[in-house]
Asks: 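Quick one: the structure is below, and I'll ask about it shortly.
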Amino acid sequence: MNIFRLTADLMHLASIFILLLKIQKTRSCAGISFKSQLLYALVFITRYIDLFFYWVSLYNTLMKIFFIGSSLYIVYLMQVKFRATNDPVLDTFRIEYLLAPCALLALVANYAFTAQEILWAFSVYLEAGAILPQLFMLQRRGEAETITTHYLFALGAYRGLYLLNWIYRYWAEGYVDWIAWIAGLVQTGLYTDFFYIYYTKVLKGQKFELPA
Amino acid sequence: ALGSPVKDEL
């Protein structure tokens, strides 16, 4: 564990708490893409299935349980409890165009042709693109509540910090993980536009609005 | 095939 990875994991945790806070406080999931949240639930389930047969540490296990549990809880909140506030009209990204290529890529580019490795690779590829429905929805709405932008910032920063963690681990331990590295770069890259507007608007006290 | 790195990250 190093400071980059710890901070990254804490940012990831924070992003989920911010999202839960947004939904509970406003009693609404307006502006949140259900499709992205569904994809995250799928990401966590396919990656952390090793929870049952691979022990790393108590920290690792508790985090895995939290990520699976909270993602399913958010799906429940959006689909059942606050269903009326969900706006599927704006959530129009075609996730099959994401799921199919990720599945195909996982079958071709993996560390071993075993169910566990294929599922792991799939989860890493899917995570890289899982934010796309959310960013697409943001684009269509043209604006976002400030708390939603904090959620997106924390979520984007998490993978960005992992890049620093990987540089550090390569230098300190000779650790190499090409699949996670390339997917992590893509994932962080998708946030560039968002980070720019977050920095120039939200951090200066303005509303998050996209140019018309 | 390349060996799989230790899966100790989240």
Side-chain angles (χ1 to χ4, degrees), chain A residues 1-2 4-6 8-13 16 43-44 47-51 53-57 59-68 108-114 116-121 123-124 127 158-159 161-163 165-166 169-170 173-181 183-184, chain B:
Chain A
M1 182 58 76
N2 59 65
F4 304 113
R5 180 143 62 113
L6 183 63
D9 288 345
L10 293 180
M11 285 291 258
H12 199 183
L13 270 188
I16 291 168
V43 164
F44 294 137
R47 186 174 319 162
Y48 300 154
I49 192 79
D50 69 359
L51 182 68
F53 47 83
Y54 185 67
W55 175 264
V56 178
S57 63
Y59 169 84
N60 187 276
T61 299
L62 291 178
M63 291 291 255
K64 285 173 175 172
I65 294 171
F66 175 81
F67 285 123
I68 293 176
V108 180
N110 52 58
Y111 286 123
F113 203 78
T114 62
Q116 193 202 343
E117 287 290 348
I118 292 168
L119 281 177
W120 179 86
S123 84
V124 170
E127 185 188 343
Y158 134 73
R159 218 45 172 174
L161 284 164
Y162 256 87
L163 298 179
N165 155 61
W166 291 325
R169 289 193 78 178
Y170 176 71
E173 310 162 26
Y175 174 91
V176 176
D177 187 342
W178 285 108
I179 291 181
W181 288 0
Chain B
L2 294 162
S4 170
V6 184
K7 293 197 180 353
D8 60 355
E9 294 188 342
L10 289 162

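So that the names make sense, note that chain A is the first sequence line, chain B the second, and so on, each numbered from 1. Every value quoted in this text rests on a predicted model; they were computed, and no experiment measured them. Any value given below was found using the heavy atoms of this structure, including those in side chains, with hydrogens, waters and symmetry copies removed.
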Asks: Taking all heavy atoms of B:Lys7 and all of A:Tyr54, pick out the closest pair and write down the distance.
Replies: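 That closest heavy-atom pairing would be O-CE2, 3.3 Å.
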
Asks: With sequence neighbours left out, write down each residue that passes ring pair (Phe, Tyr, Trp, His ring centres under 6.0 Å) with A:Phe66, or none if nothing qualifies.
Replies: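 By the ring pair (Phe, Tyr, Trp, His ring centres under 6.0 Å) rule, A:Phe66 matches A:Phe17.
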
Asks: Mind listing the closest non-hydrogen atom pair of B:Leu10 and A:Tyr162 along with its distance?
Replies: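 Looks like N-OH, 3.4 Å.
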
Asks: Using a cut-off of 6.0 Å, state whether more than 12 heavy atoms not belonging to A:Tyr170 lie near its atom OH.
Replies: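 Count not over threshold, so no.
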
Asks: Under a 4.5 Å heavy-atom cutoff, which of A:Asp50, A:Asn60, A:Ile179 has the most pairs with chain B?
Replies: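 Most heavy-atom pairs within the cutoff with chain B belong to A:Asn60.
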
Asks: If I measure from the heavy atoms of chain B, does A:Phe44 come under 4.5 Å with its side chain, its backbone, both, or neither?
Replies: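 A:Phe44 has no heavy atom closer than 4.5 Å to chain B.
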
Asks: Can you tell which part of A:Phe113 gets under 4.5 Å to a heavy atom of chain B, answering side chain, backbone, both or neither?
Replies: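 A:Phe113 has no heavy atom closer than 4.5 Å to chain B.
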
Asks: Which region of A:Asp9, side chain (C-beta onward) or backbone (N, CA, C, O), has a non-hydrogen atom less than 4.5 Å from a non-hydrogen atom of chain B, or is it both or neither?
Replies: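 Only the side chain of A:Asp9 comes within 4.5 Å of chain B.
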
Asks: Determine, for A:Arg47 against B:Glu9, whether the closest basic-nitrogen to carboxylate-oxygen distance falls under 4.0 angstrom.
Replies: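 Result for this pair is no, no salt bridge flagged.
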
Asks: Output, in order, the C-alpha distance, side-chain angles, deciding distance and verdict of side-chain contact (heavy atoms from CB on, under 4.5 Å) for B:Val6 and A:Glu173.
Replies: CA-CA 12 Å; B:Val6 184; A:Glu173 310 162 26; over 6 Å; no

Asks: Counting only non-hydrogen atoms closer than 4.5 Å, does A:Trp166 touch chain B with its backbone (N, CA, C, O), its side chain (CB onward), both, or neither?
Replies: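 It is the side chain, since no backbone atom gets that close.
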
